[in-house]
> 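A single structure is presented below for examination.
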Amino acid sequence: MKIIMLGAPGAGKGTQAINIAKEYDIPHVSTGDIFRANIKNGTELGNQAKAYMDKGMLVPDELTIGMLLSRISEPDCEKGYVLDGFPRTIPQAESLKKALTERGEAIDAAVDIEVPDEEILVRMTGRRSCPQCGATYHVSFNPPKAQDVCDRCGHALTQRSDDKPETVKERLSVYHAQTKPLIEYYGNEGVLRQVDGTMKPDEVFSAIMEALK
Ligand code: AP5
Ligand code: MG
Ligand code: ZN
């Protein structure tokens with residue numbers, strides 16, 4: 001199963017990608033998480049990516065595409081994966097398609113989680129995430145069992161540096177200009193599955209499972 005998550009920043013891609021990965025027993029591959037891990041470890045890639053991420057801009061395709069293609073060539077990706085945050089531009093989608101076609105493979109589904117912009121800002125300001133395992137929470141909509149502690153791995157939760165309101169607005173405008181065209185792209189590929197992302201997280205997950213049948 002090779003699945004792509006589409007949707008605005010804060011639509012719930014990470015939240016649902018983790019559930020899908022667990023359901024199908026496949027890895028959750030988030031380019032945002034890979035960049036954040038590189039920033040934490042002080043790598044050259046991390047330093048380059050941080051400059052763009054802090055402004056709410058996309059990291060250039062030249063840095064992103066090679067990194068993602070090498071990640072999905074690792075052995076744990078042989079049985080499939082959930083891509084969260086990639087592709088985000090038409091050139092990224094085309095590079096992915098080319099690489100998969102060369103191996104005789106294809107994407108099975110692109111799940112688009114639809115949430116209006118007004119709701120996104122509320123979600124982002126209350127988000128807390130686990131820097132250790134990537135799990136995502138919300139102080140009121142999806143709180144951890146113990147305050148500021150990850151349910152899955154026990155690590156202390158943190159707030160992302162790009163979740164400031166000004167940066168969220170910039171990320172939303174970048175989404176509309178550069179990433180939204182992918183909805184039409186995957187519609188034309190015949191793999192698009194759209195779900196209403198404004199329901200409760202477990203209801204959104206049920207809708208995704210229904211759409212993937
Ligand atoms: P990335 O980390 O991918 O961020 P994003 O796309 O902006 O998405 P988010 O992680 O903010 O949101 P999400 O959809 O995962 O929502 P979540 O589940 O957390 O990318 C960060 C940056 O890295 C980019 O800006 C860019 O600079 C760079 N980058 C990454 N990939 C790139 C690429 N391919 N090319 C170029 N640059 C790239 O949910 C949000 C909140 O809402 C949480 O608090 C959650 O608990 C809550 N929530 C979730 N579902 C619900 C629900 N149903 N109801 C109520 N609350 C909910
Ligand atoms: Mg995410
Ligand atoms: Zn964790």
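Both counts, for ligands and for their atoms, begin at 1 and track the order of listing.
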> Counting only heavy atoms closer than 4.0 Å, does ligand 1 sit against the backbone of P60, its side chain, both, or neither?
neither

> Is the contact between T64 and ligand 1 made by the side chain, the backbone, both, or neither, using heavy atoms and a 4.0 Å cut-off?
side chain

> Is there a heavy atom of E203 sitting under 4.0 angstrom from any atom of ligand 1?
no

> When you look for heavy atoms under 4.0 Å from ligand 1, do you find them on the side chain of M199, its backbone, both, or neither?
backbone

> Is there a heavy atom of E119 sitting under 4.0 angstrom from any atom of ligand 1?
no

> For residues 204-213, which side-chain N or O atoms pair as donor and acceptor with protein atoms under 3.5 Å away, sequence neighbours left out?
from : atom 1 : to   : atom 2 : distance (Å)
S206 : OG     : D202 : O      : 3.0
E210 : OE1    : K213 : NZ     : 3.1

> Considering distance alone, does some N or O of T31 sit under 3.5 Å from an N or O of ligand 1?
yes

> Is there at least one pair of N or O atoms, one from D84 and one from ligand 1, spaced under 3.5 Å apart?
no

> So for ligand 1, is R160 a polar contact partner (N or O within less than 3.5 Å, distance only)?
yes

> Measure the distance from atom 20 (O) of ligand 1 to every protein heavy atom, then report the residue, atom name and distance (to 0.1 Å) of the closest one.
R88 NH2, 3.5 Å

> State the atoms of ligand 1, each with its element, that fall below the 4.0 Å cut-off from a heavy-atom position in F141.
55 (C), 56 (N)

> Can you find a non-hydrogen atom of A8 under 4.0 Å from ligand 1?
yes

> Partners of F141 by ring-ring contact (aromatic ring centres under 6.0 Å, His included), sequence neighbours excluded?
H138

> Using a 4.0 Å heavy-atom cut-off, which part of M57 comes near ligand 1: side chain, backbone, both, or neither?
backbone

> Do Q92 and ligand 1 have an N or O pair less than 3.5 Å apart?
yes

> For G7, state whether at least one heavy atom is located under 4.0 Å from any atom of ligand 1.
no

> Can a donor-acceptor pair be found between the side chains of H176 and D117 at a distance below 3.5 Å?
yes

> I need the nearest protein heavy-atom contact for atom 49 (C) of ligand 1: residue, atom name and distance, please.
T15 OG1, 3.5 Å

> Is there a donor-acceptor pair closer than 3.5 Å between any side-chain N or O of S129 and the backbone N or O of A135?
no

> Not counting sequence neighbours, list each pair that qualifies as a side-chain hydrogen bond (donor to acceptor under 3.5 Å, both in side chains) and has a residue in residues 186-199.
K97-E189, D112-Q194, E114-Q194, D196-T198

> For ligand 1, which part of Y137 has a heavy atom less than 4.0 Å away: the side chain, the backbone, both, or neither?
backbone

> May I ask you to test the I3-I20 pair for a side-chain heavy-atom distance under 4.5 Å?
yes

> Sum up the protein N, O or S atoms located under 2.8 Å from the Zn ion (ligand 3).
4

> Hey, does L58 come in under 3.5 Å of ligand 1, counting only N/O atoms on both sides?
no

> If you measure from atom 36 (C) of ligand 1 to every heavy atom of I39, I34, V59, which option wins on shortest distance?
V59

> Considering distance alone, does some N or O of G56 sit under 3.5 Å from an N or O of ligand 1?
no

> I want to know if ligand 1 touches R127 in the polar sense, i.e. an N/O pair below 3.5 angstrom.
yes

